[in-house]
Structures are given as structure tokens and as C-alpha cells.
Amino acid sequence: MDRRSFLKTAGLAGGAAAGALATPAIAQGVTELKLVTSWPKNFPGLGTAPERFAQSIEKATDGRYKVRVFAGGELVHPLKVHDAVQEGTAEMYHSGDYYFQGKLKAYAFYAAVPFGFRPDEMDAWIQYGGGQELWDEVGSQFGIKHLQCGNTGSQMGGWFTKKMEKVEDFKGLKMRIPGLGGDVIKALGGTPVTLAGSEILPALQSGNVDATEWVGPWNDLAFGFYKVVKFYHYPGFHEPGTMLNIGMSKKLWDGLSDSDKQIFEACARAENNHNLAEFNANNGQALDTLVNKHGVELVEFSDEIYKEFGKAANDVLAAAGEADPLTKKVYDSFIAFRKKAADWSKLSDQGYMNKRSLVDL
């Protein structure tokens with residue numbers, strides 16, 4: 001048996017195991033569900049999104065479903081939440097799916113892609129461009145149903161112990177950065193490191209990493225990265241609109257009535273919109289605090305560096321698309337839709353933003 005066949009078979013076996021093990025607790029007409037997350041308890045935006053989703057489900061079903069949320073590390077490691085649902089330890093998870101590209105490379109396209117979709121473009125691909133149908137195919141390999149449930153918006157380029165002034169500065173750099181963005185850093189000679197959010201500050205303090213990306217001002221302020229590093233680079237190339245999601249046991253999903261499926265979908269989509277608004281509402285004030293209270297220095301990536309990011313990203317995405325037949329289907333869909341979205345965005349959003357910058361606001 002070749003490696004790809006083995007991985008596919010293993011994935012299907014894992015999905016079957018999830019179907020056998022993920023059995024919600026039911027008492028007096030109330031179904032209790034466990035939702036594990038990749039985030040610290042009540043962490044701004046990331047941690048509050050699954051809490052709101054859980055509350056919405058309970059209210060929308062008049063208490064027929066109660067969802068208990070476990071922060072990263074409370075029930076399972078923050079980066080093991082997919083395993084928890086696949087194996088039946090929990091019925092749902094909330095995370096970013098690029099953490100799980102080691103299971104299937106296609107997952108890297110369902111969180112954030114270097115030079116990929118902004119939030120509205122991601123929504124368009126998922127909801128109207130065939131992205132959800134392919135995502136269902138990806139999740140079915142592991143017995144999981146996926147729903148959009150949050151978006152951080154455009155992210156910053158990251159925190160560095162020195163100013164990144166030329167492409168050569170990335171050689172030998174140890175940077176906390178997951179997903180395809182990490183593959184780009186590797187292509188430029190750096191070493192990408194995947195860490196859960198709660199592990200980043202200690203790694204910076206110990207020197208185990210030289211740089212990190214996380215999200216943006218609101219979340220980065222909360223973690224206190226400014227206490228260790230002061231050079232805050234922008235714009236981020238790697239996560240232009242990071243989608244978060246609910247991964248749900250397919251056995252649970254398949255057992256829901258049509259009306260309950262609509263409720264779960266509606267609550268997840270509502271949180272998808274709510275979460276993006278929350279990030280956009282808080283990032284501006286947080287950035288002001290970082291710069292004017294904590295002395296953080298904003299550093300813009302040069303055009304030279306950004307062009308090299310782009311060249312490396314094209315190669316990384318193309319290589320990812322050849323990982324396996326299912327990832328190739330996802331890659332082809334993503335790239336084709338990106339072309340259409342980019343053509344319109346240049347005229348609409350980008351055109352407007354360029355003109356707005358001419359006005360003294």
C-alpha cells in the first residue's frame with residue numbers, strides 16, 4: 001500500500017472511530033455537547049467566539065442543546081482539538097484549520113493562504129464558489145463536518161527582534177508561523193515553528209524563536225508581546241483574512257433534524273460576522289495603545305521583501321496543490337476563484353481605498 005492510500009484509509013478509519021465514540025450525553029431531553037478550542041479561556045475574539053456560539057445554540061434551541069466550552073489545554077492540547085473530535089473525546093472544536101495541514105494539506109486552504117482571500121472573498125468562495133462542498137469532502141475523511149465560525153480580518157506581519165530590511169534577513173530566522181505562511185518563511189531560508197498561542201510569549205522570552213506572528217493589535221496586546229520585542233511589521237502577507245471554524249462530529253451532524261442543522265449553521269454564520277466586526281472594532285484602539293503607550297515601532301515591509309514573499313508563495317501554493325488528489329481539487333478551486341475575486345476587488349475595494357487615502361480624514 002502506498003503512503004497516500006494509507007493516509008486516506010487511516011483518515012476514513014479515524015472518521016469511523018469518531019462516529020463510534022462521539023456520543024453526546026442526553027438527559028431529560030437535553031443534549032450536552034463538549035466543544036474544545038485552540039484558545040485560552042475567554043481570550044479576546046478567539047476565545048469569546050466559541051463561547052458566544054455555544055450560548056446562541058442553547059438559546060436558539062430553547063435549551064435542548066447545551067454546549068460546554070473547554071479552553072485550550074483544559075481537556076486537550078490546543079493543537080489536538082481536531083484529534084479530540086475525530087476520536088470522540090469531544091463533539092465539536094473551534095480552531096483554525098491550517099493547524100491540521102499535517103493530516104491533509106487541503107486544510108491549509110481553509111484558514112488563511114498567503115496572498116489569498118480577504119474575509120469577504122473567503123465567504124464568497126465558501127458559500128457560493130464551491131468551497132463548502134470541497135470542505136465537506138475534506139472533513140468526511142475524518143468524520144467531521146465544518147462550519148464557518150469567525151474571522152480575524154487582515155493580520156499584521158509579525159513581531160521581530162530586529163527590523164527586517166532585506167530578504168536575506170529571513171535566512172536562519174526562527175519564526176512562530178503556522179500553515180502555508182510558515183512554508184513561505186521556510187522557502188526564504190527561515191525555520192517556521194508551530195506553537196499554540198499560550199506558548200508564544202515564553203518562546204520569545206527564552207529565545208527559542210526570534211519572531212512571531214499571531215493575529216493583530218487587539219490580540220497581540222493581550223498576550224503582551226511588546227514586553228519582549230518592539231518591532232511590529234506590516235502588512236501581513238500570510239493571513240489576509242483568517243477564517244475560524246466549528247469542526248463537528250459528522251455522526252452528530254447527520255443525526256440532527258433538518259431544522260436543527262439550520263440552527264447550527266445560522267448560529268455559526270452569525271458568529272462568523274460578529275467575530276469579524278469585533279476584531280475590526282478593537283484593533284484600532286489597541287494599535288494606538290501599543291504605539292503610544294508601550295513604545296512599539298511600526299515597520300513596513302519593503303516592496304522588495306513583499307515581492308519575494310509573493311514569488312515564494314506562488315511556489316508554495318503550487319507545491320501544496322500537488323500533495324494529493326483532494327488537495328489538488330481544493331487548490332484548483334481556490335486559485336480559479338481568487339482570480340475572479342481579485343479582478344473585482346481591484347476595481348471596487350482596492351480602488352476605493354486608494355482614493356480614500358487621498359482624503360484627509
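Along the sequence shown, residues carry numbers from 1. Reckoned from all heavy atoms, side chains included, excluding hydrogens, waters and symmetry mates.
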**Q** Between the side chain of T289 and the main-chain N/O of Q285, is any donor-acceptor distance below 3.5 Å?
**A** yes
**Q** Any salt bridge between K328 and D324, counting N to O under 4.0 Å?
**A** no
**Q** So if I apply the side chain to side chain contact (heavy atoms under 4.5 Å, CB included) rule between V184 and each of L317, I177, V316, N314, which one comes out positive?
**A** V316
**Q** Can a donor-acceptor pair be found, under 3.5 Å and without considering hydrogens, that links the side chain of S249 to the backbone of E91?
**A** no
**Q** Examine the side chains of D349 and W344 and answer whether a donor and an acceptor come within less than 3.5 Å of each other.
**A** no
**Q** Assess whether a salt bridge exists between R68 and E32, defined as any Lys/Arg side-chain N lying under 4.0 Å from an Asp/Glu carboxylate O.
**A** no
**Q** Please determine whether side chain to side chain donor-acceptor pair (under 3.5 Å) holds for the pair Q262 and D258, giving the CA-CA distance in whole Å, both sets of side-chain angles, and the decisive distance to 0.1 Å.
**A** CA-CA 6 Å; Q262 291 242 331; D258 288 345; over 6 Å; no
**Q** Side chains of F309 and F170: closer than 4.5 Å at any heavy-atom pair?
**A** yes
**Q** Rounded to the nearest 0.5 Å, what separation is found between the OG atom of S198 and the NZ atom of K41?
**A** 14.5 Å
**Q** Check whether any side-chain heavy atom of F43 lies under 4.5 Å from a side-chain heavy atom of T48, and answer yes or no.
**A** no
**Q** In Å, rounded to the nearest 0.5 Å, how long is the span from CG of D169 to NZ of K163?
**A** 12.0 Å
**Q** Under the side-chain contact (heavy atoms from CB on, under 4.5 Å) rule, what do K293 and D288 come out as? Steps first, then yes or no, please.
**A** CA-CA 8 Å; K293 181 178 179 180; D288 181 75; over 6 Å; no
**Q** Between A112 and E239, what is the shortest heavy-atom contact and its length?
**A** CB-CG, 3.6 Å
**Q** How long is the straight-line distance from CD of E213 back to CE of M175, given to the nearest 0.5 Å?
**A** 6.0 Å
**Q** So for atom NZ, which belongs to K174, do other residues, nucleotides or ligands contribute more than 12 heavy atoms lying within a distance under 6.0 Å?
**A** yes
**Q** Parallel, tilted or perpendicular: which describes the rings of F100 and H82, with under 30° parallel and over 60° perpendicular?
**A** tilted
**Q** Where is the tightest heavy-atom contact between P217 and M156, given as atom of each residue plus distance?
**A** CD-CG, 4.0 Å
**Q** Students often mix this up, so state it plainly: with edges at 30° and 60°, are the rings of Y99 and W39 parallel, tilted or perpendicular?
**A** tilted
**Q** Apply side-chain contact (heavy atoms from CB on, under 4.5 Å) to residues L173 and F160 and explain how you reach the verdict.
**A** CA-CA 10 Å; L173 181 80; F160 296 80; 3.8 Å; yes
**Q** Hydrophobic clustering (ILVMFWY, side-chain heavy atoms < 4.5 Å, transitive) - are W214 and F231 grouped together?
**A** no
**Q** Counting neighbours of NZ on K250 that are heavy atoms of other residues, nucleotides or ligands and sit closer than 6.0 Å, is the number greater than 12?
**A** no
**Q** Taking atom types as modelled, is there a side-chain donor on T61 or E58 under 3.5 Å from an acceptor on the other?
**A** no
**Q** Ignoring hydrogens, what is the shortest heavy-atom contact between V296 and K230? Give both atom names and the distance.
**A** CG1-O, 3.5 Å
**Q** Decide whether H233 and E300 meet the rule of one side-chain donor and one side-chain acceptor closer than 3.5 Å.
**A** no
**Q** Given the rule in the side chain to side chain donor-acceptor pair (under 3.5 Å) test, do E271 and S56 qualify, once you have shown the distances and angles that lead to the verdict?
**A** CA-CA 9 Å; E271 184 52 44; S56 295; 5.7 Å; no
**Q** Could you give me the CA-CA distance, side-chain angles and deciding distance for H146 and Y107, then say whether side chain to side chain donor-acceptor pair (under 3.5 Å) is met?
**A** CA-CA 11 Å; H146 296 284; Y107 268 131; 3.0 Å; yes
**Q** Under 4.5 Å between side-chain heavy atoms, counting indirect links through other Ile/Leu/Val/Met/Phe/Trp/Tyr residues: same cluster for L221 and V299 or not?
**A** no
**Q** Test side chain to side chain donor-acceptor pair (under 3.5 Å) on N245 and D97; report intermediate values, then the result.
**A** CA-CA 7 Å; N245 81 96; D97 271 355; 3.1 Å; yes
**Q** Which class fits the ring pair Y306 and F301: parallel under 30°, tilted 30 to 60°, perpendicular over 60°?
**A** tilted
**Q** List the atom of D210, the atom of G207, and the distance in Å for their closest heavy-atom pair.
**A** OD1-O, 4.5 Å
**Q** Are E297 and Y232 packed together at the side-chain level, in the sense that at least one heavy-atom pair is separated by less than 4.5 angstrom?
**A** no
**Q** Would you call K105 and E322 a salt bridge, using N to O less than 4.0 angstrom?
**A** no
**Q** Evaluate the side-chain proximity of D260 to R64: yes if any heavy-atom separation is below 4.5 Å, no if none is.
**A** yes
**Q** Among D220, L204, T161, V229, find the one that has a side chain to side chain contact (heavy atoms under 4.5 Å, CB included) with T212.
**A** L204
**Q** Angle class for the W125/F117 ring planes (parallel below 30°, perpendicular above 60°, tilted otherwise)?
**A** tilted
**Q** In sequence, state the C-alpha distance, the side-chain angles, and the governing distance for K34 and L75, and then conclude on side-chain contact (heavy atoms from CB on, under 4.5 Å).
**A** CA-CA 10 Å; K34 296 186 289 293; L75 189 61; 4.2 Å; yes
**Q** Would you say Q205 and K227 are linked by a side-chain donor-acceptor pair, where the criterion is simply a distance under 3.5 Å?
**A** no
**Q** Is any side-chain heavy atom of R356 closer than 4.5 Å to a side-chain heavy atom of L361?
**A** yes
**Q** Would you find more than 12 non-hydrogen atoms of other residues, nucleotides or ligands less than 6.0 Å from R269 atom CZ?
**A** no
**Q** Can Y93 and I144 be said to form a side-chain contact (heavy atoms from CB on, under 4.5 Å), step by step?
**A** CA-CA 10 Å; Y93 74 75; I144 292 176; 4.1 Å; yes
**Q** Quick test of your reading of the model: are K307 and D303 salt-bridged, counting only N-O distances below 4.0 Å?
**A** no
**Q** Less than 4.5 Å apart, any side-chain heavy atom of D123 and any of Q148?
**A** yes
**Q** How long is the span from the CG atom in L276 to the OG atom in S154, to the nearest 0.5 Å?
**A** 9.0 Å
**Q** Looking at every non-hydrogen atom in both residues, tell me the closest pair between V36 and A90 and how far apart they are.
**A** CG1-CB, 3.9 Å
**Q** Do V67 and M92 touch side chain to side chain, with heavy atoms closer than 4.5 Å?
**A** yes
**Q** Are I185 and D183 close enough that some pair of their side-chain heavy atoms sits under 4.5 Å apart?
**A** no
**Q** Is R118 salt-bridged to E121, cutoff N-O under 4.0 Å?
**A** no
**Q** Is the NZ atom of K80 crowded by more than 12 outside heavy atoms at less than 6.0 Å?
**A** no
**Q** Is K329 paired with E137 through a side-chain N to carboxylate O contact shorter than 4.0 Å?
**A** yes
**Q** Are Q350 and K346 linked by a side-chain donor-acceptor pair shorter than 3.5 Å?
**A** no
**Q** Check K103 with D83, please: is the shortest side-chain N to carboxylate O separation under 4.0 Å?
**A** yes
**Q** How close do L147 and F264 get, counting heavy atoms only, and between which atoms?
**A** CD1-O, 4.0 Å
